[in-house]
Amino acid sequence: MRARILQATVASVVLAVLLLGIPLGIVGVALVRDQALRSAQDRSDALLRTVERRLEFDQEVTPDVLEPYVNAEREWTAYVTVTLPDGGLVTAGEPDPPYLRGETTTDRLSARVDVPRSSVVSAALQVVVLVLVVSVGAIVAGVALGLVQARRLTEPLVDLARNAQRLGSGQIRPSAQRSGVPEVDLVAAEIAASAERMAARLAAEREFASDASHQLRTPLTAVSMRLEEIAAATDEPAVREEARIALDQVERLVQVVDDLLDRNRQARAAPAPLVLGDVLDQQREEWLPQYRAAGRRLDVEVPRDVVVLASAGPLAQALATLLENSLQHGAGTTSVRVRQSGSSVVVEVADEGPGIPDSLGVRVFERKVSSARSTGLGLALARDLVTADGGRLELLRPRPPVFALFLRAAP
């Protein structure tokens, strides 16, 4: 923006200099010519009077008498000629080709002053040089003014951008210094007001997170203890196995709750290498009974040699969201396939259902957007969890639906 302001200022000054300087130079040259012509005529008149007086007193007219009229004015060196009554000529100066002439005659005498072109051109060049110097000075002053004005206008905008960056990075106390530019001060005041509102909301969210953490941990701990008692009290292997699976789900739910509550308070640590097959195996074990109960088939490919950079909890939750959506809204066989493409590992979840309507498309990842009677938060939350680990969740094909998790392969 500073460069644009400077360019606009310089362009305006240059345009003004051209519009004023060129006519001024033309007028100056014309004035020089008129002044030279007037000077030649005045000198010829004065010379004629001088010669007449000398002749009245019978004094001789010599070149020395004419010499003062050759250099009467420093700018107009001329060639002077006097024609005497007897037809004789008296001259003084250099006989250069005349450019302007001043001539005065009577019945007996004639006096002529010729101004050469070089003399007039020299004076005209001085006027042009003066106009150029003034023009350059005006341009320099315009550039200086443009720099000052650009700095005055851009520095508040740079400070405004820094405040917005601080606000975006979580520093909700941006400095609000008045710049003197009403429009910029208005935006800065609005950013400060937004920061205050965000601070109030964050405080409320932290309070809610603390309360929710306390309220959720207590019943989840009780459920975990109850499941441990059931597993210890029964002799049925099937019951013990179901209790173990349920206990694992409760423990994972506790971890999910912790992740969700901590997400607004601090960034999650960088993901460590994770064996993808362990997460897929766990998800298959968890969802296979539900698919069987619904008369559906779940086909999960579990690779053993694929390691990705991801967090186990968020990745498991994202996969669980895709499998749950396929179970509720899809049809036929739900398949989970893994393929590697360069430095990315792609996990595709597909089924044989009707898929995503054309009216939704990729909007299925927006919050509160759903093709059925649901909250519309599952896919949005799953995408946020995957993105936080450096991956991405995309819809590869709407019908039949194919969702893909792009994960970073561990080096």
Side-chain angles (χ1 to χ4, degrees), residues 245 248-249 251-253 255-256 259-260 263 267-292 296-356 360-366 377-411:
I245 294 175
D248 290 341
Q249 292 177 348
E251 290 178 353
R252 192 166 62 256
L253 179 59
Q255 183 62 39
V256 168
D259 289 341
L260 291 176
R263 234 174 63 185
R268 209 167 50 233
L274 174 69
V275 179
L276 181 61
D278 295 343
V279 179
L280 293 175
D281 195 16
Q282 177 266 326
Q283 288 297 310
R284 181 180 61 180
E285 182 180 357
E286 178 178 341
W287 288 98
L288 190 57
Q290 301 184 44
Y291 271 83
R292 287 175 178 172
R296 299 269 303 278
R297 180 185 172 190
L298 177 62
D299 185 10
V300 181
E301 176 185 339
V302 182
R304 294 299 176 186
D305 56 349
V306 177
V307 181
V308 297
L309 293 176
S311 302
L315 179 58
Q317 185 176 352
L319 286 170
T321 300
L322 296 177
L323 293 175
E324 182 181 9
N325 285 351
S326 178
L327 179 62
Q328 293 181 357
H329 310 301
T333 300
T334 297
S335 59
V336 180
R337 295 289 180 264
V338 178
R339 58 183 174 88
Q340 191 157 359
S341 175
S343 60
S344 298
V345 175
V346 184
V347 182
E348 296 181 354
V349 180
D351 62 51
E352 301 170 351
I356 308 298
L360 293 182
V362 294
R363 293 186 63 238
V364 293
F365 294 108
E366 297 179 8
L377 297 177
L379 287 176
L381 180 58
R383 188 177 219 183
D384 291 344
L385 291 173
V386 175
T387 303
D389 280 342
R392 67 182 192 274
L393 173 60
E394 295 182 0
L395 175 64
L396 295 186
R397 187 177 64 200
R399 289 188 303 274
V402 178
F403 288 89
L405 285 165
F406 292 84
L407 307 174
R408 293 182 296 166

Interatomic distance, L322 atom CG to L393 atom CG [nearest 0.5 angstrom]:
5.5 Å
Sequence neighbours left out, what passes side-chain contact (heavy atoms from CB on, under 4.5 Å) with E348? Give chain and number order.
R339, V346, L396, V402, A404
What residues, two or more places apart in sequence or in another chain, satisfy salt bridge (Lys or Arg N to Asp or Glu O under 4.0 Å) together with E301?
none
Side chain to side chain, P273 and L309, heavy atoms closer than 4.5 Å
yes
So, using side-chain contact (heavy atoms from CB on, under 4.5 Å) as the criterion, who are the partners of N325 when residues are at least two apart?
T321, H329, L379
Counterpart residues, salt bridge (Lys or Arg N to Asp or Glu O under 4.0 Å), relative to E352 (two or more places apart):
none
Residue pairs, two or more places apart or on separate chains, that pass side-chain hydrogen bond (donor to acceptor under 3.5 Å, both in side chains) and touch residues 396-410
D358-R399
R392: which residues meet the salt bridge (Lys or Arg N to Asp or Glu O under 4.0 Å) condition with it, sequence neighbours left out?
E394
Quick one: does L323's side chain get under 4.5 Å of V336's, heavy atoms only?
yes
Restricting to pairs with a member in residues 315-337, which pass salt bridge (Lys or Arg N to Asp or Glu O under 4.0 Å), not counting sequence neighbours?
D299-R337
Taking only residues at least two apart or on different chains, which pairs with a member in residues 272-284 satisfy side-chain hydrogen bond (donor to acceptor under 3.5 Å, both in side chains)?
D281-R284, Q282-E286, Q283-W287
Checking A409 now: which residues fulfil side-chain contact (heavy atoms from CB on, under 4.5 Å) with it, not counting sequence neighbours?
Q340, V345
